[in-house]
Structures are given as C-alpha cells and as structure tokens.
Amino acid sequence: MKLRGKTALVTGAAKRVGHEIALGLARRGANIVVHYNTSATDARRAVAEIKALGVDAITVKADQANARQVHAAVTQALRHFGTIDVLITSAAVYKKTPFDTLTERDWDFHINANLKGPFLFALEVGRHMKARRSAGKIILFADWAAIRPYADYLPYCVSKAGVICLTKSLATALGANVQVNAIAPGPILLPPDVGEEERREIIEATVVKRIGSPKDIVNSVIFLIEGSDFITGHTLLVDGGRLIAGV
C-alpha cells in the first residue's frame with residue numbers, strides 16, 4: 001500500500017512517538033486523524049503541523065478504554081474522510097508498579113489503556129476495513145518487555161504481551177485484505193527520571209550500543225505499510241538487539 005492519498009488514524013498522535021508517526025505518514029502524503037484524550041492543545045498543534053505539509057488532518061477525542069467514545073471518534077473520522085486505510089495504535093501508559101504495592105487499580109490502568117484500547121480501535125476500524133473489502137493496514141504497539149518482562153512493571157508487561165496475541169488474532173480474523181502487525185520497541189525515548197548511570201547500563205544492554213530514536217519507529221511503521229503486503233500477524237522488534245543481547 002502506498003500512503004499518498006490514504007487516511008491514517010493514529011492514536012496518541014498529539015505527543016511523543018505517536019506525534020512523530022503522524023508527521024512521518026503525512027510526509028508520505030497521508031491524511032491524518034489525530035487521536036487524543038487529554039492533550040487537546042498538543043493535538044491542535046499537531047493538526048496545524050500536518051496541514052502545513054499539504055495534507056488534511058482532524059482531531060478526534062476519546063478515552064480509548066471507553067467503547068462509546070472510540071465508536072464516536074471513528075465515526076467522526078469516517079464522516080470527514082469517508083474511509084480509514086491505516087490504523088496505528090501508539091497511545092499507551094507506562095507506570096512503575098512494584099509487586100509489594102501492586103493493586104487492582106494498577107492492573108486495570110494498564111490493561112485498559114494498553115490492551116483494551118487498541119482492541120476497541122481495531123474492532124471499529126477493522127470492521128470498516130473488512131466491510132469495504134479493500135486493502136487496510138493495522139499496526140499495534142507492543143514492547144520488547146512483553147517477551148522478556150522486567151521487574152516492577154508487571155501489569156505493563158502483561159498488557160503488552162496481550163497486544164502480541166491480539167495482533168495474531170486480528171490478522172486471522174481480518175483475513176487477506178487487512179494486514180495486522182505489531183511493533184515492539186526497545187529503548188527509544190527513555191523516561192525523564194532515568195539517570196545517567198542507568199542510561200549507560202541500558203545502552204550497554206543493546207547490541208548496537210545506543211538509544212534508538214523515534215525515527216527508527218517511524219521508518220518501521222512505514223515499512224510495514226508500504227514495504228510489503230505479505231506480512232501479517234508479525235511482531236517486529238525495534239530494540240537495537242536488546243532482546244538477544246542476553247543482559
């Protein structure tokens with residue numbers, strides 16, 4: 001699939017990696033639906049940046065764990081653009097949750113945002129794509145820690161592991177015309193509270209000996225959309241060899 005003239009809905013597109021993905025797709029000629037929940041100002045700013053690239057863009061607001069709000073957001077996008085060709089679910093939450101103080105609320109917080117949210121968006125958009133019977137692409141976001149979970153982030157890691165299974169299940173359900181894949185990033189944008197010593201340890205734990213950049217994710221997204229229509233149900237590790245380093 002070529003992106004020029006297509007429409008992509010990007011969740012969490014107001015900030016961080018989601019914002020970079022939206023801009024990257026816009027530069028390839030795609031119209032963008034900028035999803036946000038609370039970052040209205042950033043979302044409007046993103047739309048202005050995208051329109052400056054010569055394509056169209058709108059914002060849609062939704063708590064992605066709320067089925068009615070997700071339905072309304074997708075409906076709004078379809079009314080404006082008529083179709084959604086690409087769905088990228090980059091919105092996520094990430095919070096340290098030590099086992100000794102772990103609560104049900106911590107579990108629900110991560111599962112709702114990181115697994116239920118992508119499911120609801122993929123359900124709405126996937127049904128539209130399947131009914132349309134033309135090419136579609138869905139890219140979900142997992143994490144390398146879904147495969148090798150680390151301490152003090154149990155609900156987060158489980159939620160991202162669920163995304164990998166969701167990817168395979170959606171690929172099977174949506175069939176030939178809609179390719180569904182996941183990206184599992186490693187160290188890309190580190191949390192602001194990471195100290196210099198911890199940063200050095202993370203770098204040493206990769207094969208390529210560096211922190212990745214949002215551009216690495218954007219390029220991976222573009223590859224899964226434009227590079228091949230023969231990949232589905234796959235999770236692409238973009239982790240600088242973190243998983244195989246064995247550290």
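These values consider heavy atoms only, across backbone and side chains, with no hydrogens, waters or symmetry-generated copies. Nothing fancy with the numbering, it's 1 onward along the sequence.
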### Query
Rounded to the nearest 0.5 Å, how far apart are OG1 of T59 and OH of Y36?
5.0 Å
#### Entry: Test item: I217 and E20 side chains (from C-beta on) under 4.5 Å apart, heavy atoms
no
#### Entry: Partner residues of K15 under the salt bridge (Lys or Arg N to Asp or Glu O under 4.0 Å) criterion, sequence neighbours left out
D42
### Message
Please report the interatomic distance CG(L174) to CZ(R127), rounded to the nearest 0.5 Å.
### Response
10.0 Å
### Summary
Sequence neighbours excluded, the answer for salt bridge (Lys or Arg N to Asp or Glu O under 4.0 Å) partners of D85 is R132
## Note on the structure
Taken to the nearest 0.5 Å, the spacing of Q179 CD from I225 CD1 works out to 11.0 Å
### Message
I need the minimum non-hydrogen distance between A145 and Y150, along with the two atoms involved.
### Response
CB-CE2, 2.9 Å
### Message
For a side chain to side chain contact (heavy atoms under 4.5 Å, CB included) check, start with the C-alpha distance between V86 and T7, then their side-chain angles and the critical distance, and finish with the verdict.
### Response
CA-CA 6 Å; V86 176; T7 297; over 6 Å; no
#### Entry: Distance-only donor-acceptor check, side chains S159 and N114, under 3.5 Å
yes
### Message
I need the Q76 CD to F81 CZ distance, nearest 0.5 Å.
### Response
10.0 Å
### Query
For K215, does the NZ atom sit with more than 12 other heavy atoms under 6.0 Å from it, leaving out its own atoms?
no
### Task
May I ask you to test the T101-D106 pair for a side-chain heavy-atom distance under 4.5 Å?
no
### Summary
Shortest non-hydrogen pair, A46 vs H19, comes out as CB-CD2, 3.8 Å
### Message
Under a 3.5 Å distance rule, please check whether K160 uses its side chain to pair with a backbone N or O of A146 as donor and acceptor.
### Response
no
#### Entry: No-hydrogen, no-angle side-chain donor-acceptor test under 3.5 Å, Y94 and D143
no
### Query
In Å and rounded to the nearest 0.5 Å, what is the CZ to CG distance from R148 to D239?
9.0 Å
### Message
Taking L236 as the starting point, is it possible to reach M1 by hopping between hydrophobic residues whose side chains are less than 4.5 Å apart?
### Response
yes
### Query
Any side-chain heavy atom of N177 within less than 4.5 Å of one from M129?
no
### Task
State whether the side chain of H35 and the backbone N or O of V10 hold a donor-acceptor pair below 3.5 Å, judged by distance alone.
no
### Query
Mind checking what makes salt bridge (Lys or Arg N to Asp or Glu O under 4.0 Å) contact with R28, not counting sequence neighbours?
E226
### Query
Taking side chain as C-beta onward, heavy atoms only, is V158 less than 4.5 Å from H110?
no
### Query
Do F121 and I138 come close enough that some side-chain heavy atom pair is under 4.5 Å?
no
#### Entry: Heavy-atom donor-acceptor pair, T11 side chain to S90 backbone, under 3.5 Å
yes
### Query
Would you say V178 and V70 are hydrophobically clustered, going by side-chain heavy atoms of ILVMFWY under 4.5 Å?
yes
### Task
Can you measure from CZ (R68) to OG1 (T75) and round to the nearest 0.5 angstrom?
13.0 Å
### Query
Between K130 and A173, is there a donor-acceptor pair closer than 3.5 Å when you use the side chain of the first and the backbone of the second?
yes
### Message
Exactly one of R210, K209, R242 should register a salt bridge (Lys or Arg N to Asp or Glu O under 4.0 Å) with E204. Which one does?
### Response
K209
### Message
With a 4.5 Å cut-off on side-chain heavy atoms, are Q64 and T89 touching?
### Response
no
### Query
For E196, does the CD atom have more than 12 heavy-atom neighbours from other residues, nucleotides or ligands under 6.0 Å away?
yes
### Message
Just so I know, are the side chains of N31 and H80 near enough to count as touching, which here means a heavy-atom distance under 4.5 Å?
### Response
no
### Task
Please check if the side chain of D216 supplies one atom and the backbone of S213 the other of a donor-acceptor pair under 3.5 Å.
yes
### Task
Determine, using the 4.5 Å side-chain heavy-atom cutoff (strictly less than), whether L243 and V208 are members of one ILVMFWY cluster.
no
### Query
Do V163 and F141 come close enough that some side-chain heavy atom pair is under 4.5 Å?
no
### Message
Are L87 and I183 linked, directly or through intermediate hydrophobic residues, by side-chain heavy-atom contacts shorter than 4.5 Å (ILVMFWY only)?
### Response
no
### Task
Kindly check if the number of other-residue, nucleotide or ligand heavy atoms within 6.0 Å of NZ (K168) is above 12?
no
